[in-house]
Asker: 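Before anything else, here's the structure in question.
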Protein chains: 2
Amino acid sequence: MSKTSHANAQAGAALQARPFAPIVQRLRQAGLRPTRQRLCLARLLFEPGDRHVTAEQLHSEANAARVEVSLATIYNTLHQFTEAGLLREVVIEPGRSYFDTNVTNHHHFFLEEDGALMDIPGEHIALAQLPEPPAGLKVSRVDVVVRVTRGK
Amino acid sequence: MSKTSHANAQAGAALQARPFAPIVQRLRQAGLRPTRQRLCLARLLFEPGDRHVTAEQLHSEANAARVEVSLATIYNTLHQFTEAGLLREVVIEPGRSYFDTNVTNHHHFFLEEDGALMDIPGEHIALAQLPEPPAGLKVSRVDVVVRVTRGK
DNA sequence: AAGAAAGTTTGTAATTATTCTAAAGTTCTT
DNA sequence: AAGAACTTTAGAATAATTACAAACTTTCTT
Ligand SMILES: [Mn+2]
Ligand SMILES: [Mn+2]
Ligand SMILES: [Zn+2]
Ligand SMILES: [Zn+2]
C-alpha cells in the first residue's frame with residue numbers, strides 16, 4: 001500500500017511527509033516509532049490547536065477520517081503521548097478521562113451539562129498562600145477546575 | 001445538652017437510639033427514612049470526623065463491623081447523602097469516586113502513591129483573579145487538587 | 001538488501017467501578 | 001392493622017479501560 005521501499009529511505013520520508021516532519025521528529029524524540037497510526041492520531045490531536053478529547057472521541061474522529069485504528073491503539077497512543085509529555089490527562093468526571101493537547105501551565109472551566117472543558121490560562125488564576133505539602137512530599141501538579149453550569 | 005424529653009410519641013426510638021438521635025434527625029430532614037443500613041453507614045461515615053472514602057472502602061468497613069449491607073445500597077446511600085448535602089463527591093482519579101464527609105469549603109492534597117486525600121482548609125488557598133465564566137454560565141464549584149508525591 | 005531484533009497493532013477476553021431491575025422487605029401514615 | 005410509599009438487594013447489565021498473545025511493521029545489523 002505504501003511506497004515504503006527503495007531509494008533513499010530518509011529522503012523519501014522527508015519528501016512525502018513534509019508537513020509531518022515535525023511530528024515525526026517529536027515522536028522519534030520520545031522514543032516512539034512514527035507508525036501510520038501514531039502519525040494520524042498526532043495530526044488529529046495537534047493540528048487543530050488546543051483541544052480536549054476522550055478516547056472514544058478520538059476513535060470516532062479517526063474512523064471519520066477513514067483511518068483504521070483500533071480502540072486498543074487509541075488508548076496505547078494516548079497514554080504513550082501523555083508519558084512523553086505531548087499530552088496531559090485530565091480527570092474530572094468519574095469514568096472518563098480527557099486528554100489535553102495543551103501541556104502548558106493552565107486550568108479549566110468544566111461545563112457540566114456538556115462535559116466540555118475550556119482552558120483558563122495559567123496566568124489568569126493566582127493561587128495565593130498554597131500551604132506546604134506534608135512532610136517529605138513534593139508537589140507534582142496543581143489542578144484547578146471551575147465547574148460551571150447554565151441551569152441554576 | 002437539654003433533656004428535651006417530650007411526650008411518648010417517639011419516646012421508644014429516642015431511648016434506644018440515644019446516640020443516633022442527631023443522625024436520625026439529619027436523615028429525616030433530608031427526606032430519607034432512617035433505616036438500619038443508612039444509620040450504620042452514617043455512623044461509619046460521620047462519627048470518626050472528616051474523612052474520604054470510596055464505595056468499596058465503606059463496604060469493607062461495614063462488613064468488618066458485622067453490618068450486612070449490599071454494595072448496591074452503599075452506592076445508593078452515598079449518592080443520596082451527597083444529594084442531601086451530607087457528603088461531597090470528589091473525582092481525582094479515573095475510575096473511582098471519593099466521598100468526602102467534609103462539606104465545608106476546602107481543597108485537597110492528593111497523595112498519588114497511596115490514593116489518599118487530605119484536606120486543605122478553604123482559607124489556606126486563595127484564588128486570586130478567577131476569570132469570569134463564559135457567557136451566561138454560573139460557577140457551581142471550584143476544586144483545587146494539589147497532587148503530591150514522595151518519589152521525585 | 002536480507003535477516004533478525006525490537007517495537008507496534010489489534011481482536012478479543014478480562015477487569016473494574018458503577019448502574020439498573022424487579023422482587024422482597026421495611027417504614028410510615030391513617 | 002392495612003395500604004402506600006419507600007428501601008434493600010441479588011444479580012444482570014453497562015461503560016471505560018486494560019491485558020494478552022499472535023500477527024505485523026519498523027529499525028538495526030550485517
Ligand atoms: Mn489513564
Ligand atoms: Mn457518582
Ligand atoms: Zn486544557
Ligand atoms: Zn476533603
Side-chain angles (χ1 to χ4, degrees), chain A residues 1-10 12-13 16-17 20 24-25 27-42 53-60 62-63 67-84 87 89-99 115, chain B residues 9-10 12-13 16-17 20 23-25 27-42 53-60 62-63 67-84 89-99 115:
Chain A
M1 190 138 277
S2 53
K3 337 181 156 184
T4 54
S5 47
H6 346 86
N8 185 330
Q10 285 139 319
Q16 95 171 102
F20 301 167
V24 171
Q25 283 328 305
L27 293 181
R28 282 236 167 75
Q29 224 167 299
L32 299 172
R33 293 180 178 176
T35 62
R36 173 179 65 79
Q37 291 86 339
R38 293 208 269 235
L39 285 175
C40 293
L41 295 180
V53 294
T54 64
E56 284 291 356
Q57 272 169 34
L58 184 58
H59 192 219
S60 300
N63 288 340
V67 180
E68 285 196 8
V69 192
S70 73
L71 195 49
T73 295
I74 298 281
Y75 278 105
N76 288 342
T77 303
L78 286 172
H79 284 131
Q80 291 157 344
F81 283 14
T82 300
E83 189 70 17
L87 290 176
E89 188 173 358
V90 184
V91 179
I92 301 213
E93 286 186 305
R96 65 148 54 47
S97 275
Y98 290 83
F99 291 85
Chain B
Q10 267 87 276
Q16 94 171 105
F20 300 167
I23 289 179
V24 171
Q25 284 327 305
L27 292 181
R28 283 236 164 76
Q29 227 168 296
L32 298 172
R33 292 179 180 176
T35 62
R36 172 179 65 80
Q37 291 86 338
R38 293 209 269 234
L39 285 175
C40 293
L41 295 179
V53 292
T54 64
E56 284 292 354
Q57 271 170 34
L58 185 58
H59 191 219
S60 299
N63 288 340
V67 179
E68 286 196 8
V69 192
S70 72
L71 194 50
T73 294
I74 299 280
Y75 278 104
N76 288 342
T77 302
L78 287 172
H79 284 133
Q80 292 156 343
F81 283 12
T82 300
E83 188 71 17
E89 189 173 356
V90 184
V91 180
I92 300 213
E93 286 186 306
R96 64 146 57 48
S97 275
Y98 289 82
F99 291 85

Asker: Find the bend of the helix from C/dA1-D/dT30 to C/dT30-D/dA1 as the angle between its two terminal axes (five pairs each), to the nearest 10°.
Answerer: 30°
Asker: Does A/Thr54 have any side chain to side chain donor-acceptor pair (under 3.5 Å) partners at least two apart in sequence or in another chain, and if so, which?
Answerer: none
Asker: Keeping A/Arg28 on the side-chain end and A/Pro34 on the backbone end, is there a donor-acceptor pair under 3.5 Å?
Answerer: no
Asker: Rounded to the nearest 0.5 Å, what separation is found between the CD atom of B/Glu89 and the CD atom of A/Glu93?
Answerer: 10.0 Å
Asker: Quick check for you: to the nearest 0.5 Å, what is the distance between A/Ile92 atom CD1 and B/Ile92 atom CD1?
Answerer: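 Going from CD1 on A/Ile92 over to CD1 on B/Ile92, the span is 11.5 Å.
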Asker: Show your working on side-chain contact (heavy atoms from CB on, under 4.5 Å) between B/Leu39 and B/Leu27 and close with a plain yes or no.
Answerer: CA-CA 9 Å; B/Leu39 285 175; B/Leu27 292 181; 3.9 Å; yes
Asker: If you measure from CG on B/Leu71 to CD on B/Glu56, what distance do you get to the nearest 0.5 Å?
Answerer: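 Reported value, rounded in 0.5 Å steps: 5.0 Å.
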Asker: With no hydrogens and no angle check, is any side-chain donor or acceptor of A/His59 less than 3.5 Å from a backbone partner on A/Thr73?
Answerer: no
Asker: In whole angstrom, give the distance that lies between atom CD of A/Glu93 and atom P of D/dA15.
Answerer: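 Taking atom P of D/dA15 as the reference, CD of A/Glu93 is at 15 Å.
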Asker: Quick one: is D/dT17 close enough that its OP1 or OP2 comes under 4.0 Å of any side-chain N or O from A/Tyr75?
Answerer: yes
Asker: Rounded to whole Å, how long is the line connecting atom CD of B/Gln57 with atom P of C/dT16?
Answerer: 16 Å
Asker: Write down the distance between NE2 (A/His59) and C1' (D/dT17), rounded to a whole number of angstrom.
Answerer: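 Whole-Å distance recorded here is 14 Å.
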Asker: Expressed as a whole number of angstroms, how long is the span from B/Phe99:CZ to C/dA17:P?
Answerer: 13 Å
Asker: Could you tell me the separation between the CG atom of B/Asn63 and the C1' atom of D/dT9, rounded to a whole number of Å?
Answerer: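 So the CG-C1' distance, B/Asn63 to D/dT9, works out to 14 Å.
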Asker: I'd like to know if the side chain of B/Arg38 reaches the main chain of B/Thr77, judged simply by a donor and an acceptor atom lying under 3.5 Å from each other, with no hydrogens or angles considered.
Answerer: no
Asker: Are any of A/His79's side-chain N or O atoms less than 4.0 Å away from OP1 or OP2 of D/dT17?
Answerer: no
Asker: Protein-nucleotides 8-10 of chain C N/O pairs closer than 3.5 Å?
Answerer:
unit_1 : atom_1 : unit_2  : atom_2 : d
C/dT8  : OP1    : A/Arg33 : N      : 3.2
C/dT8  : OP1    : A/Arg38 : NH2    : 2.1
C/dT8  : O5'    : A/Arg38 : NH2    : 3.2
C/dT9  : OP1    : A/Thr35 : OG1    : 2.5
C/dT9  : O3'    : A/Gln37 : NE2    : 2.8
C/dT10 : OP1    : A/Gln37 : NE2    : 3.3
C/dT10 : OP1    : A/Glu68 : O      : 3.4
C/dT10 : OP2    : A/Ser70 : N      : 3.0
C/dT10 : OP2    : A/Ser70 : OG     : 3.4
C/dT10 : OP2    : A/Thr73 : OG1    : 2.7

Asker: Measure the distance from CZ on B/Arg96 to P on C/dT15 and round it to the nearest whole Å.
Answerer: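 In whole Å, C/dT15 P lies 17 Å from B/Arg96 CZ.
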Asker: To the nearest 0.5 angstrom, please state how far the CG atom of B/Leu58 sits from the OH atom of B/Tyr75.
Answerer: 10.5 Å
